[in-house]
Amino acid sequence: MKKENAKLQQELEDQKKAISEVDGEIRALQSNLTLDEIHAKEAKLGTQVEEMEEKLNKLREGVTLARPEDRKAVEEMYSEKISHWRKRKRMFKDLWDAITENSPKDLKEFKEELGIEYDEDVGVSLQSFSELMPQSKKRGRGQ
């Protein structure tokens with residue numbers, strides 16, 4: 001009886017292994033795309049490639065994507081915003097220095113207590129944004 005039970009247990013284990021192997025094959029086959037899905041994906045990727053090639057050809061031909069007036073308006077607005085950023089940063093720095101001039105508290109703790117973060121604390125640099133401006137605009141207005 002024990003031998004028969006052990007034999008049946010072994011057969012059960014073998015069957016479980018076979019079932020798990022078949023399940024693995026089924027999952028692998030189900031994760032693959034069908035022929036129709038492959039054709040649909042190929043068509044979709046083909047249209048994307050065509051669209052990107054058209055854009056690339058336009059760029060290679062030197063087609064202007066933005067009108068000069070629009071570009072100038074955006075550059076002026078950007079320059080103005082950078083200028084405002086500089087002024088506000090300077091005003092805050094002057095005010096902060098005046099407030100904390102005779103403060104007995106540790107300035108880092110006081111800053112954290114008030115929830116103040118400098119640009120540099122969050123990884124933003126005014127200089128890196130200023131470098132994005134065209135060279136002629138950088139020094140033209142006394143910034």
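Note that these values count all heavy atoms, side chains included, but never hydrogens, waters or copies made by symmetry.
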Closest heavy-atom contact between A28 and S31?
O-OG, 2.8 Å
From L126 atom CG to R88 atom CZ, the distance as rounded to the nearest 0.5 Å:
12.5 Å
Look only at the side chain of D121 and the backbone of E117, and say whether a donor-acceptor pair between them is shorter than 3.5 Å.
no
Donor-acceptor pair, side chain of N5 and main chain of K2, under 3.5 angstrom
no
Rounded at 0.5 Å granularity, tell me how far CG in L33 sits from NE2 in H39.
11.5 Å
Could you walk me through whether E80 and H84 satisfy the side chain to side chain contact (heavy atoms under 4.5 Å, CB included) test, starting with their C-alpha distance in whole Å, then the side-chain angles of each, then the deciding distance to 0.1 Å, before giving a yes or no?
CA-CA 6 Å; E80 179 184 350; H84 285 297; 3.5 Å; yes
Rounded to the nearest 0.5 angstrom, the CD-CG distance for E42 and L35 is 10.0 Å
Check: E113 and E109 side chains under 4.5 Å, non-hydrogen atoms
no
Given the rule that I, L, V, M, F, W and Y join up when any side-chain heavy atoms are under 4.5 Å apart, are I82 and V122 in one cluster?
yes
Apply side chain to side chain contact (heavy atoms under 4.5 Å, CB included) to residues I116 and F110 and explain how you reach the verdict.
CA-CA 9 Å; I116 295 172; F110 188 48; over 6 Å; no
Could you check if a side-chain atom of E76 sits within less than 4.5 angstrom of a side-chain atom of K72, using non-hydrogen atoms only?
yes
Side chain T100, main chain W96, donor-acceptor under 3.5 Å:
yes
Work out which heavy atom in E37 is nearest to a heavy atom in N32; give both atom names and the distance.
OE1-O, 4.4 Å
CG of D23 to CD of Q30, rounded to nearest 0.5 Å, is 9.5 Å
Before accepting this row, confirm whether a basic side-chain N of the pair K93/D97 lies closer than 4.0 Å to the acidic partner's carboxylate O.
yes
Less than 4.5 Å apart, side chain to side chain, heavy atoms only: is that true for R60 and N57?
yes
Steps toward side chain to side chain contact (heavy atoms under 4.5 Å, CB included) verdict (D119, F129)
CA-CA 12 Å; D119 295 338; F129 282 95; over 6 Å; no
Does E4 CD have over 12 foreign heavy atoms under 6.0 Å away?
no
Would you give the length of the straight line joining atom NZ of K17 to atom CG of L12, rounded to the nearest 0.5 angstrom?
11.5 Å
For a quick check under 3.5 Å, do D14 and Q10 share a side-chain donor-acceptor pair by atom type?
yes
Flag yes if M77 and L132 sit in one hydrophobic cluster, no otherwise; membership is Ile, Leu, Val, Met, Phe, Trp, Tyr, and two members link when side-chain heavy atoms are under 4.5 Å apart.
no
Show the numbers, then the answer: is there a side chain to side chain contact (heavy atoms under 4.5 Å, CB included) between K89 and Y118?
CA-CA 9 Å; K89 187 172 182 171; Y118 293 143; over 6 Å; no
Does E75 offer a backbone N or O that forms a donor-acceptor pair with the side chain of S79 under 3.5 Å?
no
When V49 is tested against each of M52, E51, E53 for side chain to side chain contact (heavy atoms under 4.5 Å, CB included), which residue passes?
E53
Could you measure the distance from the CG atom of L8 to the CD atom of E13? Nearest 0.5 Å is fine.
12.0 Å
